[in-house]
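I have placed the structure first, in the form of structure tokens, so that the comments after it can refer back to it.
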Amino acid sequence: MPLFADLLRELRLSDAAGSLLFSSGSAGQVLGGLLGGWLLGRRQARGVLGWALLVVSAGTALVACAPSLPLLLAGAALYGLGAGVVTTAQNLIVERVTSGAARRRAFAGLHAMYALASLLAPLVAVALREGSGGWRGALLAAGLPALLLALATPLAPRVPLPAEPPRLLPGARSRLRARLPLGGLIAAYVLAELCLSTRLPLLFERQGATPALAAGALSAFFACLLVGRLLAGLVPLPLGNRPLLLASATLALALNLAGLLVEPWLLPLVALPMAPFFPLAMDLLAEELPHDVPGALGTVMAMVSLVLVLGQPALGALSDAFGLRAALFMGPAALGVALVLLARGAPKPRL
């Protein structure tokens, strides 16, 4: 984050204290995922999205105006809470307004926007900082679109009760049993992506690359992620979700290992086979748990956020103990876990 160094300098925070900002935001996202799943089972998704965007803008404003660490962490947690609900609501809206092959392409389009945002965010942050005179003004400007969208979104009326009699719906324990393998599958993928998206520039610099070249490697990673998701949205594929997910994870695993063992410039290309994984997994969730989508999405997003909370310190500890290159084998290991979960198939909820 280009604004992070300015924030640390102005508030006179250490790197360790500053890292709490990300932990606080990720913890908020865990709660946001769970809260989003609960809310979306009771309120219409567009209205919930509007309220969540309002929370995102409030959290961003609190971080921008915070004079000290406690308020900074409170703002980050508030932002994470809203962001967790936003992500869950966006995916639910796509699931509800599309079906079949169109749903798969729509998920790919949605997650292509996430990749585009990751690619453009550093450039936009620098431009806003220069245009507003500092990191505080840049954050306030960045939160303004969320506020405007929130104000333009209708309230969240209750959703109709399900048509099925309650006795035909699976119990809470059975629903959780069906959600966890899908949540583990998606969380494993996110951990593999996290390893490269957060450590790729550092790996290149420690191997002698210039900072500009190292930053270029990360830009290439996000560009490949964007291109892969755009292709997944534009090119219809005749196979089902599970075979495509198996192909995606297998190719990503092979390229990841080749990049770590043979040629580091293969690592940005890992994003190409990775790209369709998340949207395919979202479509798989809607396909296999059609009567439990809001709650399942909430559980999955909470598990993903938990991986984000724990993955960073775990990667740092492994890097300190064994070196960065060895630590990055966590990525292939996570993809291996995803393959195992895919091979096991889908558990059937018991009524």
Side-chain angles (χ1 to χ4, degrees), residues 1-36 39 49-88 114 117-118 120-151 190 194 197-199 201-202 211 215 218 301-302 304-317 319-320:
M1 181 179 175
L3 309 178
F4 187 54
D6 295 342
L7 182 153
L8 293 181
R9 188 163 45 250
E10 182 174 325
L11 295 180
R12 298 180 181 179
L13 299 175
S14 66
D15 287 348
S19 68
L20 294 175
L21 179 69
F22 299 103
S23 298
S24 182
S26 297
Q29 282 188 292
V30 174
L31 295 176
L34 294 172
L35 178 64
L39 283 174
L49 180 60
W51 284 108
L53 286 169
L54 191 62
V55 173
V56 166
S57 64
T60 304
L62 185 55
V63 170
C65 300
S68 60
L69 182 61
L71 284 177
L72 190 73
L73 298 183
L78 191 62
Y79 170 87
L81 180 69
V85 178
V86 165
T87 304
T88 308
Y114 295 162
S118 298
L120 295 181
L123 300 175
V124 173
V126 171
L128 289 175
R129 181 183 60 189
E130 298 301 321
S132 62
W135 66 272
R136 293 184 185 275
L139 282 178
L140 286 173
L144 187 58
L147 177 60
L148 295 176
L149 284 171
L151 295 176
V190 169
L194 176 76
S197 64
T198 61
R199 296 300 193 276
L202 186 58
L218 183 60
M301 294 307 167
V304 166
S305 299
L306 188 61
V307 162
L308 295 176
V309 172
L310 300 178
Q312 289 276 22
L315 192 56
S319 182
D320 289 343

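The two residues V63 and A76 come nearest to each other via the heavy atoms CG2-N, 3.5 Å. Considering every non-hydrogen atom in both L139 and A64, the closest pair reads CB-CB, 3.7 Å. Contact record, E10 with W135: OE1-NE1, 2.9 Å, taken as the closest heavy-atom pair. In plain terms, the two heavy atoms of A125 and A138 that are nearest each other are O-CB, 4.3 Å. Contact detail for V86 and A52: the closest heavy-atom pair is CG2-CB, 3.5 Å. Nearest heavy-atom pair, A142 versus P145, reported as atom, atom and distance to 0.1 Å: O-CD, 3.3 Å.
In this structure, CG on L78 lies 12.5 Å from CG on L73, to the nearest 0.5 angstrom. Note: L147 CG to L54 CG = 6.5 Å, rounded to the nearest 0.5 Å. From L144, atom CG reaches atom OG of S57 across 9.0 Å, with rounding to the nearest 0.5 Å. L81 contributes atom CG, which lies 10.5 Å from atom CG of L34 (distance to the nearest 0.5 angstrom). From L308, atom CG reaches atom OG of S23 across 10.5 Å, with rounding to the nearest 0.5 Å. Residue L128 holds its CG atom at 11.0 Å from CG of L123, rounded to the nearest 0.5 Å.
Side chains of L315 and L194 form no contact here, defined as non-hydrogen atoms less than 4.5 Å apart. Counting only heavy atoms from C-beta outward, the side chains of L72 and L11 approach each other to under 4.5 Å. When side chains are defined from C-beta on, L13 does not count as touching L21, because their heavy atoms never get closer than 4.5 Å. By the 4.5 Å heavy-atom criterion applied to side chains, T60 and L140 are not counted as neighbours.
When atom types are taken as modelled, the side chain of R136 and the backbone of A66 share a donor-acceptor pair closer than 3.5 angstrom.
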Might you work through the side-chain contact (heavy atoms from CB on, under 4.5 Å) test for V304 and T87, ending with a clear yes or no?
CA-CA 11 Å; V304 166; T87 304; over 6 Å; no
